[in-house]
Amino acid sequence: MPELPEVETTLRGLSPHLQGQRIKQAIIRNANLRWPIPDNLSAMLRKQTIQALNRRAKYLLLECDDGTLILHLGMSGSLRVLPANTPAEKHDHFDLLLENGTLMRLRDPRRFGAVLWHTGDISQHKLFASLGPEPLLEDFDGAYLYRVTRKRSAAIKLVIMDSQVVVGVGNIYASESLFHAGIRPQLPAGKLSLPRCNRLVQTIRETLSASIAQGGSTLRDFTDSNGKPGYFQQTYRVYGRTGEPCRMCETSIKQIVQGQRSTFYCPVCQK
DNA sequence: CGCCAGGCCTGCACGC
DNA sequence: TGCGTGCAGGCCTGGC
């Protein structure tokens, strides 16, 4: 369940190991991810230097000399840095072996992740062309959210999970942010006032930032082959707490389905 | 054994 | 036309 904070933590953990390093070899053990890993990827990556590592939405971007390696962790993916001779296990589908002996390994049991190669401007890539703003950058603010929700009758929870509105707000943080903002997930987006849009933007930023900060504390384990790099269990306010007492008012937390996924909320604290 | 979770893309039908 | 919306389907495995 990598959400944006896990992806950001992974980025920060990988960067010092990978930045400026030259790729010796890419190994594809199972190309069958969400989309097939391109056939020619190994040839493309050979001798490429990783100039910079970045993140857009939940995609990790390894910017190389001649193009960008796009990585997505899907539901169950994780990336680790390991010694070059570490034996691969069952769900280890992709390796990047660096000339300095470092190995970056993708493990993804459910194979919802992705490994893609793109040359040219990444914003032109099909997957990136219509993405909304990053939730932690300044162009995502209350005025923006107010403007883009005006004519939308869909539930606010679905709208903040719409990657054209804002990226990186997954199912867990959507429920959590709405709880902190005191907004009922079913509320038609167009009915939110400007102050409530301001508040919701604030709580989205805060829940994501707090989680990233917490993830940072696990970074020392990033290269530990036994650990789960950059992943962290948190205490949620509503997510997964169906029937348990609200931490604010003790009312039983409700679970509903929106857009074929579970939503959790407090029927008293959220209006 | 069956069912569910999850990210996120794709396709369909429908109404304005 | 082209969009927003609601729905379903696909991909996959581990855990209950």
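Within every chain, numbering begins at 1; the chains are lettered A, B, ... in the order of the sequence lines, protein sequences first and strands thereafter. Quick caveat, the model's predicted, so the values are computed rather than measured.
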Return all side-chain donor-acceptor pairs below 3.5 angstrom for residues 162-169 of chain A, not counting sequence neighbours, or 'none' if the list is empty.
from: A:Asp162; atom 1: OD1; to: A:Gln164; atom 2: N; distance (Å): 2.8
from: A:Asp162; atom 1: OD2; to: A:Arg152; atom 2: NH1; distance (Å): 3.3
from: A:Asp162; atom 1: OD2; to: A:Arg152; atom 2: NH2; distance (Å): 3.3

Go through DNA chain C in 5' to 3' direction and return only the first and the last nucleotide with some atom under 4.0 Å of chain A's heavy atoms.
C:dT5 to C:dG14
Going by salt bridge (charged side-chain N to carboxylate O under 4.0 Å, His left out), name the residues that satisfy it together with A:Arg29, two or more places apart in sequence or in a different chain.
A:Asp95
Nearest-Å distance, CG (A:Leu158) to C1' (B:dC9)?
16 Å
Over how many whole Å does the gap from A:Lys126 atom NZ to B:dC9 atom C1' extend?
8 Å
Hydrogens and angles aside, do A:Lys157 and A:Asn171 bring a side-chain donor and acceptor to less than 3.5 Å of each other?
yes
Nearest whole Å is fine: how far is B:dT10 P from A:Gln260 CD?
16 Å
Rounding to an integer number of Å, can you tell me how far A:Arg111 CZ sits from B:dA5 P?
21 Å
Closest-nucleotide mapping onto DNA chain C: is A:Val159 or A:Pro109 further toward the 5' terminus? I mean the 5' end.
A:Val159
Show which side-chain atoms of residues 109-118 of chain A pair as donor or acceptor with protein atoms under 3.5 Å away, not counting sequence neighbours.
from: A:Arg111; atom 1: NH1; to: A:Asn32; atom 2: O; distance (Å): 3.0
from: A:His118; atom 1: NE2; to: A:Asp121; atom 2: O; distance (Å): 3.0

Sugar-phosphate, base or nothing in reach of A:Arg34, heavy atoms under 4.0 Å:
base
Take the protein atom CG of A:Leu33 and the nucleotide atom P of B:dC9, then report the distance between them rounded to whole Å.
15 Å
Can you pull out every salt bridge (charged side-chain N to carboxylate O under 4.0 Å, His left out) where at least one residue sits in residues 239-257 of chain A? Sequence neighbours excluded, please.
A:Arg241-A:Glu244
Quickly work out the A:Gln164 CD to B:dC9 C1' distance and round it to whole Å.
12 Å
Quick one: which residue pairs count as a ring-ring contact (aromatic ring centres under 6.0 Å, His included) with a foot in residues 65-109 of chain A, not counting sequence neighbours?
A:Tyr59-A:His72
Ignoring hydrogens and angles, answer whether the base of B:dA5 and the side-chain atoms of A:Arg261 contain a donor-acceptor pair closer than 3.5 Å.
no
